[in-house]
Amino acid sequence: MTREKRDRINTFLRYLILILVGTIMVYPLIWMVGASFKTNAEIFSSIGFIPKSPTVEGYVRGFKGYEGMTLLFFMWNTYRFVLPKVAVTVFSAVFTAYGFARFQFIGKRFSFAVLLSTLFLPQVVLNVPQYILFNQIGWLDSYLPLIIPSLFAGDTYFVYMLIQFLRGIPKELEEAAKIDGCNVLQTLWYVIVPMLKPSIVSCALFQFMWASNDFMGPLIYVNTVAKYPVSIFLRMSMDADVGFEWNRVLAMSLIAIIPSLAVFFMAQNSFVDGIAAGGVKG
């Protein structure tokens, strides 16, 4: 067997394995799409994703929502705090990471150790003190408890992630910018941020997906039904009926994840670069 034939066989086997694994991983989502057009009885009687008697009743009932508030209303509630949270996360994480990576100040090592130690704190430990704090300053039943902590670099993972990328950027670029007359903020905006673009996109994408799927945060701090995000509405709709209709739940869940899927596919190139990059290329 020639080397060219071996390479073709190896390539064929790689693609075959990738296709099989990809199909297995994507099949639950494909089944979810098909099941949203099935009747409740058919969902539990067939594992196939193609409905025998397609119906859009799940979508019709799902869009009706709750007491005049439609599914789109609750989705709008979700992005009322998700989009600001993503923006302030990127802003605070970039500034904090730049400070730790490039500047020397008293207590830097201790502050960085404290920063990293917060990564090991489970959120359940913070729920009670945070609730008491936000209650005392009158922020309950609003989205402020979900947004403001991110404004102060409360999402430590993203700060740490950006610090690692900054360590791979040569300091000579900043020195050259300083010689050209740039101050610290100009250097950050015109030199550092463009080079950090893939990692910034990764941070924004992670935060967008995590905040969109957040259930416990809104459940703890938001009390008014009219302010509920779509994650709580989906759970509420399951509790509303005895023997609820799964096609309606699946239809609403499918619609709810469409924005996250769209954002991921639009930013996937930068996302992959941000995860894979280990420094400055070129």
Side-chain angles (χ1 to χ4, degrees), residues 1 3-63 71 74-75 78-79 82 86 119 122-123 157-158 161 198-199 201-217 229-235 237-239 243-278:
M1 183 181 295
R3 181 176 180 180
E4 183 179 355
K5 286 186 177 180
R6 287 199 302 269
D7 291 341
R8 289 181 179 178
I9 293 174
N10 290 335
T11 302
F12 172 77
L13 291 177
R14 290 195 195 100
Y15 277 100
L16 179 63
I17 294 173
L18 288 173
I19 291 172
L20 291 176
V21 173
T23 301
I24 293 173
M25 296 182 66
V26 176
Y27 185 79
L29 181 61
I30 298 175
W31 182 87
M32 178 180 176
V33 175
S36 65
F37 293 98
K38 295 180 179 180
T39 61
N40 208 40
E42 187 180 353
I43 289 175
F44 293 97
S45 63
S46 173
I47 196 174
F49 64 90
I50 300 177
K52 298 177 181 178
S53 303
T55 176
V56 294
E57 186 178 359
Y59 289 91
V60 174
R61 291 178 176 269
F63 265 105
L71 175 63
F74 292 100
M75 291 181 67
T78 300
Y79 299 111
V82 168
V86 171
L119 285 172
Q123 182 59 39
Y157 172 77
F158 301 123
M161 178 179 175
S199 56
V201 171
S202 299
C203 292
L205 187 57
F206 273 126
Q207 185 67 288
F208 182 87
M209 292 189 295
W210 290 348
S212 299
N213 295 328
D214 187 15
F215 178 79
M216 287 302 300
V230 69
S231 57
I232 297 183
F233 169 67
L234 289 175
R235 187 68 183 91
S237 66
M238 294 172 66
D239 289 339
F244 48 83
E245 298 172 337
W246 278 104
N247 58 356
R248 177 167 61 91
V249 175
L250 292 174
M252 291 188 295
S253 301
L254 181 63
I255 296 172
I257 66 174
I258 287 177
S260 296
L261 290 175
V263 170
F264 174 79
F265 284 115
M266 287 189 295
Q268 63 176 331
N269 291 333
S270 297
F271 174 71
V272 172
D273 292 340
I275 295 298

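The first residue of the sequence shown is numbered 1, and numbering continues consecutively from there. Scope of the values below: all heavy atoms of this structure, side chains included, with no hydrogens, waters or symmetry mates.
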Looking only at non-hydrogen atoms, find the nearest pair between [X] and [Y] and report the distance.
{"X": "M75", "Y": "A256", "value": "CE-CA, 4.1 Å"}
{"X": "P51", "Y": "K38", "value": "CB-CG, 3.6 Å"}
{"X": "E42", "Y": "K52", "value": "OE2-N, 2.6 Å"}
{"X": "P259", "Y": "I255", "value": "CD-O, 3.5 Å"}
{"X": "L205", "Y": "V263", "value": "CD1-CG1, 3.5 Å"}
{"X": "S199", "Y": "M161", "value": "O-CE, 4.2 Å"}

Supply the atom-to-atom distance [X] [atom1] to [Y] [atom2], rounded to the nearest 0.5 angstrom.
{"X": "M32", "Y": "I43", "atom1": "CE", "atom2": "CD1", "value": "10.5 Å"}
{"X": "L254", "Y": "F37", "atom1": "CG", "atom2": "CZ", "value": "7.5 Å"}
{"X": "M266", "Y": "L261", "atom1": "CE", "atom2": "CG", "value": "10.5 Å"}
{"X": "Q207", "Y": "F158", "atom1": "CD", "atom2": "CZ", "value": "4.5 Å"}
{"X": "F44", "Y": "W246", "atom1": "CZ", "atom2": "CH2", "value": "6.0 Å"}
{"X": "M252", "Y": "N247", "atom1": "CE", "atom2": "CG", "value": "9.5 Å"}

#### Entry: F208 and F264 aromatic centres sub-6.0 Å
no
#### Entry: Verdict with reasoning, W31 to L250, per side-chain contact (heavy atoms from CB on, under 4.5 Å)
CA-CA 10 Å; W31 182 87; L250 292 174; 4.2 Å; yes
### Message
Any side-chain to backbone donor/acceptor pair from S231 onto D214? Under 3.5 Å, distance only.
### Response
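Judged by distance alone, yes, a pair lies under 3.5 Å.
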### Task
Look at the side chain of T55 and the backbone N and O of T39, then say whether any donor-acceptor pair between them is shorter than 3.5 Å.
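Pair absent, no side-chain N/O of T55 close to backbone of T39.
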### Task
Assign the ring pair Y27 / F49 to parallel, tilted or perpendicular, where the plane angle (0 to 90°) is split at 30° and 60°.
perpendicular
### Query
Considering residues, nucleotides and ligands other than L29, do more than 12 of their heavy atoms fall under 6.0 Å from its CG?
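It does: L29 CG has more than 12 such atoms within range.
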### Query
With E4, which residues qualify under side-chain hydrogen bond (donor to acceptor under 3.5 Å, both in side chains), at least two apart?
R8
